[in-house]
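Contents: one structure, followed by commentary.
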Amino acid sequence: MKGSKIIFIFISEEGFGHVVRMCSILNEFSKLINRKIDLHIFTGAHVDLLEQRLKIPAKIHILNSGLLLRKNANCSLDERSTLYNLHNWYKQLSIWENNIFRSYHKCDLIISDSVPQAGSLSKHYKCKSINISHFTWDWMYNDIYKNLRSKNLEINGVKNIITKMMKLYDNYDAFIFPPLIPKRNIDLLRSRSRKFNECYFILSDSFIESYYSDSSITVIDANLPRLLLMNNGTSSLTESINKIIYDWEDDYNINLIISPVKLEQKALSNIAKCNTIYQLQSISEAHSALAHSDYFLARCGYNTFTESIFSKSKAILVSEESNPEIESNLDYASEKGLKIID
């Protein structure tokens, strides 16, 4: 696109939240910017969701940032595997950079949510770089490392890699955070003398649309209360949701609404027998159901937590063992009097 400004967008692969938030930001900006923008989005996961949500023309490139939280069988955070993954991330950094340098000779602005190494590209392209996210990975990994070390467990080389990650984040010209950023993350930002500003809450387009919509899922008995079970991008509640479904009975006198989740045969069989279980087919449908449910149960991810603040339904938020982000969200949630399941 000749004469256009080239913008690179880098999106973390962990869960749905980073993709959903960036789509909301870009869709809002699309109302303000002119057509002379050549937008390139780099991510390694949830491309189908990105294509579904994005309302602005963009070229999407499959490029994995290399960072991912590892989970145990019970969906708690596997601290050791998560930190071991850092070694692989660090080994691939130069390959990741060269893939971009070889293919693209110009960039006018870099925006990231939240890929540590993307900020360092600004030196090569001589442009500004902005990180927009609800936490930074250097804080997350440093907290996980400290927690593991307190158990007298340590992985060689991890501390040095985290320090190098901090230096990569230092390359960003500015940081923008919505409210409720983890307090220890703020401490890290200040200790590194990083410039950061707070914006307002960033809500997904589908949540906002459903909030003002009168449409809701059709149920047999509309007088019964509605309980929405929400899974998320990390699929942390898959096992729990399956268990709830195959133990469910119509005698509970509650309409059970299920967000998209991988279901076992036993759960599917009980859905066929019950008249009070309703399956949703998309995340957008789940957001619509959230706006019209009496209660919802979900892992306390950042997007879910912020939506619970604005939702009319009562939240029941689930913790995730050893995950610093979830622990921070739950601290804020308890301050607001929301129900929490450990």
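The model shown is predicted, which means the values in this text are computed figures rather than measured ones.
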Cut-off 3.5 Å, side chains only: do [X] and [Y] have a donor facing an acceptor?
X	Y	value
E97	H124	no
N72	S76	yes
T136	N185	yes

Verify the neighbour count for atom [atom1] of [X]: are there more than 12 heavy atoms of other residues, nucleotides or ligands below 6.0 Å?
X	atom1	result
K106	NZ	yes
D221	CG	yes
K151	NZ	yes

Please determine if [X] and [Y] form a salt bridge, counting it only when a charged side-chain N lies under 4.0 Å from a carboxylate O.
X	Y	value
R53	D205	no
E154	K159	no
R70	E79	no
D38	K5	no
D187	K183	no

So, taking the atom named [atom1] in [X] and the one named [atom2] in [Y], what distance separates them when rounded to the nearest 0.5 Å?
X	Y	atom1	atom2	value
H87	I155	NE2	CD1	6.5 Å
C300	L330	SG	CG	4.5 Å
K314	D294	NZ	CG	8.5 Å
K128	D108	NZ	CG	13.0 Å
I202	S24	CD1	OG	8.0 Å
I220	N275	CD1	CG	4.5 Å

Going only through I, L, V, M, F, W and Y residues with side-chain contacts under 4.5 Å, is there a path from [X] to [Y]?
X	Y	value
I181	Y200	no
L180	W139	no
I110	Y169	no
M22	F196	no
M140	M166	yes

Strictly under 6.0 Å, is that where the ring centroids of [X] and [Y] end up?
X	Y	answer
F175	Y172	yes
H46	F16	yes
F135	F177	no
Y90	W96	no
H61	Y104	yes

Can you check whether [Y]'s main-chain N or O pairs, donor with acceptor, with [X]'s side chain at less than 3.5 Å?
X	Y	value
T82	D78	yes
T276	L256	no
S112	V115	yes
N171	L168	yes
D173	S129	yes
N147	D143	no
S240	L237	no
N242	A267	no
D138	I162	no
S334	D331	yes

Checklist entry - Would S319 and E327 satisfy side-chain hydrogen bond (donor to acceptor under 3.5 Å, both in side chains), going step by step from the backbone distance to the final call? => result CA-CA 7 Å; S319 65; E327 290 170 359; over 6 Å; no
For [X] and [Y], which heavy atoms make the closest approach, and how far apart are they?
X	Y	value
C107	C127	O-CB, 3.5 Å
E13	G66	OE1-N, 4.2 Å
L67	M165	CD2-CE, 4.0 Å
I258	L229	CD1-CD1, 3.8 Å
N131	S114	OD1-OG, 3.0 Å

Next on the checklist: The test is side-chain hydrogen bond (donor to acceptor under 3.5 Å, both in side chains); show your working for Q117 and W89 and say whether it passes.
Outcome noted: CA-CA 10 Å; Q117 61 267 36; W89 168 78; 3.2 Å; yes
Next on the checklist: By the ring-ring contact (aromatic ring centres under 6.0 Å, His included) test, which pairs, at least two apart or in different chains, include something from residues 303-334?
Outcome noted: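 Every ring-ring contact (aromatic ring centres under 6.0 Å, His included) pair that includes a residue of residues 303-334, provided the two are not neighbours, is F201-F310.
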Item to check | Pairs meeting criterion ring-ring contact (aromatic ring centres under 6.0 Å, His included) with involvement of residues 237-278, two or more places apart | outcome: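 Checked against ring-ring contact (aromatic ring centres under 6.0 Å, His included) - neighbours excluded - the pairs reaching residues 237-278 are W248-Y252.
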Item to check | Stepwise side chain to side chain contact (heavy atoms under 4.5 Å, CB included) check, L227 with N255 | outcome: CA-CA 6 Å; L227 169 60; N255 287 318; over 6 Å; no
Next on the checklist: Can you pull out every salt bridge (charged side-chain N to carboxylate O under 4.0 Å, His left out) where at least one residue sits in residues 265-286? Sequence neighbours excluded, please.
Outcome noted: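 Matches after skipping sequence neighbours: none remain.
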Checklist entry - side chain to side chain contact (heavy atoms under 4.5 Å, CB included) between S12 and W137: does it pass, once the steps are laid out? => result CA-CA 10 Å; S12 173; W137 284 108; 3.5 Å; yes
Next on the checklist: Is there a side chain to side chain contact (heavy atoms under 4.5 Å, CB included) between N253 and D251? Walk through the geometry before answering.
Outcome noted: CA-CA 5 Å; N253 290 321; D251 290 343; 5.9 Å; no
Checklist entry - Between E239 and K71, does a salt bridge (Lys or Arg N to Asp or Glu O under 4.0 Å) hold up when you go through it step by step? => result CA-CA 13 Å; E239 183 179 347; K71 302 297 176 68; over 6 Å; no
Checklist entry - Relative to each other, are the rings of F8 and F10 parallel, tilted or perpendicular (30° and 60° limits)? => result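 Correct class here is perpendicular.
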Next on the checklist: Set out, in order, the CA-CA distance, both residues' side-chain angles and the distance that settles side chain to side chain contact (heavy atoms under 4.5 Å, CB included) for E307 and S204, then state yes or no.
Outcome noted: CA-CA 9 Å; E307 287 167 2; S204 70; 3.4 Å; yes
